[in-house]
Amino acid sequence: MDRINPDACLYITDAVCPMTFVKVKVEIEGLRDGQILKIKMNGGEPVRNVPASLKQEGHKVIRVIRNEDDTYTVFVEKGGLG
Amino acid sequence: MIIMTQKQFEEILVHSLSLAPVEACGLLGGVIQDGAKVIKKVYLLKNIDNSPVHFTMDAKEQFESVKDMRKNGYELLGNFHSHPVSPSRPSEEDKNLAFDPETSYLILSLLNREKPVLKSFNIKDSIVGEEEIILIDGGIDMTKTDYNELKKGGFMRQVQKNRFSLRLRIAGGNITAVQLKKVYDIAKKYGHGYIHMTSRQSIEIPFIKLQDIEVVKKELEKFGLQPGACGPRVRTITACQGCRICTSGLIDTTGLSEEFDQRYYARELPHKFKLGITGCRNNCLKAEENDLGVKGGLKPFYKKENCTFCGLCEAVCPAECITVKADENKLLFDEKACIYCGKCVKSCPTGAWEGQNGFIIYLGGMFGNKIAIGRQILPIVFSAGEVHKVVEETLRFFKEYGKKGERFRNTLERVGWDILEKRLKEVLADG
């Protein structure tokens, strides 16, 4: 599998809903379309809700990796859903 | 509108029957309440004509009656006379003698003695208009009140004597703003100025007086509102907002609740029967609490050609029935473990998951004295038509097998789940 080189990284493992997505939204605003954001988030509610919200905003999740500590690393391409 | 008690009606009837074939006559005293004439006392008077076709009230008795009304704070609301052998309508003489357009002229016809007819008329310049008479049970004499009938009609007897909490018929927890305003008016005018929101999405207006019940019913009717059901029958249909409003909703719970209300509401059964509809797996409306609960579901279909193996569906699946092997471009889906939550479809960024919306049905839930969780014994169905078939057959089964006062779950445990399951599968197979 290709390695993905993110343009920015964000940790939201210390945030709870709805701040999880707020932080993502702020971060992604600083990027250009096509650039990639790497987000580390907790399992459970954040991983169920944040990617779904990204989809609604037109950003494309390109890879989700489950980490040993039950957190997830999500790579998202800004504006990737056109 | 005239409101009188059954007992007052009987007074007039007995008096008239005892004098027939001579016409009987009398006066009616009472009060005007919210535009309705509420009869408080019937005065039985002598007909000094002593004739089967005319009547003249005894002047002295009239005077005594009016004096008694004044003493009691009543108004002279009208008079009555009997027609021993003719229908209940004013004769030419009655019209000519009518002097006060505000007065009610009640005529009791004894033409058919088995079926006496009492009607009330207003007469102005010899033009006759009929006025409605509402007979109520007692008011004071409560011994004859049929509480079960009242309960069936949504009037719940309160701790306080002669007071009732009026339950409204509401489907899916929705009521229009105009109707709500009417509820507000009624609570202020006939209740204690507040409403109670029931545990199952209905509204009750407490402290309605027994004698106001009929008037309140009529007022509600003008706004398309009806009293609700209680007792051994299908109760208020409950529903969450569903896909018309909620972003998680997978089915149109509002539409289905209206259909349920139209088809099944207040249907007579061995015991209470609760129907509830929830739009998705989040289960805000708690489908499994109901005798029959419906839950929205989404059956997913995997389309490999669109998949980028990003792994998001695996991460969001609460049933852990998806495994993505990104290195091998492979996705494994254990369909048997799928709970139709639709999260894979909703989150997939590339449209590799598509879904068909459907209805998951739970049977035999109850949450009262005894608690039992509804069970799913059928596979997900995909049309409202199939849901109706299941509901109809389930109600038929309960009516057939249920003992009076036995909750549906207990009937199922006693008779056997397999019998219902077989019958439901048959009606669904019939196509």
Side-chain angles (χ1 to χ4, degrees), chain A residues 1-6 10-13 15 17-18 20-22 24-25 28 31 33-82, chain B residues 243 245-250 279-284 296-298 300 302-334 337-355 357:
Chain A
M1 180 191 288
D2 307 332
R3 263 200 74 77
I4 302 167
N5 293 313
L10 178 68
Y11 288 79
I12 54 167
T13 46
C17 179
T20 44
F21 188 61
V22 172
V24 172
K25 227 179 137 154
I28 217 161
L31 299 178
D33 280 355
Q35 285 193 309
I36 289 164
L37 174 66
K38 176 183 168 184
I39 317 160
K40 195 171 182 191
M41 63 183 76
N42 289 326
E45 202 185 323
V47 79
R48 281 204 302 274
N49 293 338
V50 172
S53 302
L54 287 166
K55 182 181 175 180
Q56 276 171 16
E57 305 262 321
H59 311 302
K60 183 180 178 183
V61 171
I62 49 177
R63 183 77 79 237
V64 179
I65 295 161
R66 186 177 183 161
N67 305 310
E68 300 274 301
D69 59 352
D70 271 349
T71 61
Y72 287 82
T73 304
V74 177
F75 293 90
V76 58
E77 179 190 342
K78 181 173 179 177
L81 295 174
Chain B
C243 69
I245 302 289
C246 177
T247 53
S248 299
L250 296 173
C280 75
R281 275 274 161 187
N282 292 344
N283 208 9
C284 295
L298 193 69
Y302 177 56
K303 293 175 83 179
K304 193 178 178 185
E305 61 271 28
N306 291 342
C307 186
T308 58
F309 307 96
C310 72
L312 182 56
C313 52
E314 180 181 336
V316 300
C317 176
E320 297 182 352
C321 61
I322 303 170
T323 313
V324 179
K325 294 185 173 171
D327 299 334
E328 303 168 36
N329 276 4
K330 242 186 176 172
L331 183 146
L332 304 172
F333 174 40
D334 177 10
C338 177
I339 58 166
Y340 307 126
C341 71
K343 290 199 166 67
C344 51
V345 178
K346 281 207 165 168
S347 63
C348 180
T350 58
W353 287 104
E354 284 183 357
N357 298 74

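Below, chains carry the letters A, B, ... as their sequence lines are ordered, and counting in each starts from 1. Computed from a prediction, not measured in an experiment: that's the story for all the values here.
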Problem set entry | Distance (rounded to the nearest 0.5 Å) between B:E314 CD and A:I65 CD1 |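 One gets 11.5 Å once the value is rounded to the nearest 0.5 Å.
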Problem set entry | Heavy-atom proximity to chain B below 4.5 Å, by part of A:L81 | side chain
Exercise. Relative to chain A, which segment of B:T350 carries a heavy atom at a distance below 4.5 Å: side chain, backbone, both, or neither?
Worked result: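 Interface part for B:T350: side chain.
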For this session: Please state whether the side chain, the backbone, both or neither of B:K346 comes within less than 4.5 Å of a heavy atom of chain A.
Result: backbone
Exercise. Who among B:P318, B:C348, B:C317 has the most heavy-atom pairs with chain A under 4.5 Å?
Worked result: B:C348
Exercise. Does atom CD of B:E320 have more than 12 heavy-atom neighbours from other groups under 6.0 Å away?
Worked result: no
Exercise. Closest approach of A:K55 and B:S347, non-hydrogen atoms and distance?
Worked result: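 For A:K55 versus B:S347, the nearest heavy atoms are CD-O, 3.7 Å.
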Seminar exercise, completed: All heavy atoms of A:V47 vs all of B:A315, minimum pair found to be CG1-O, 3.7 Å
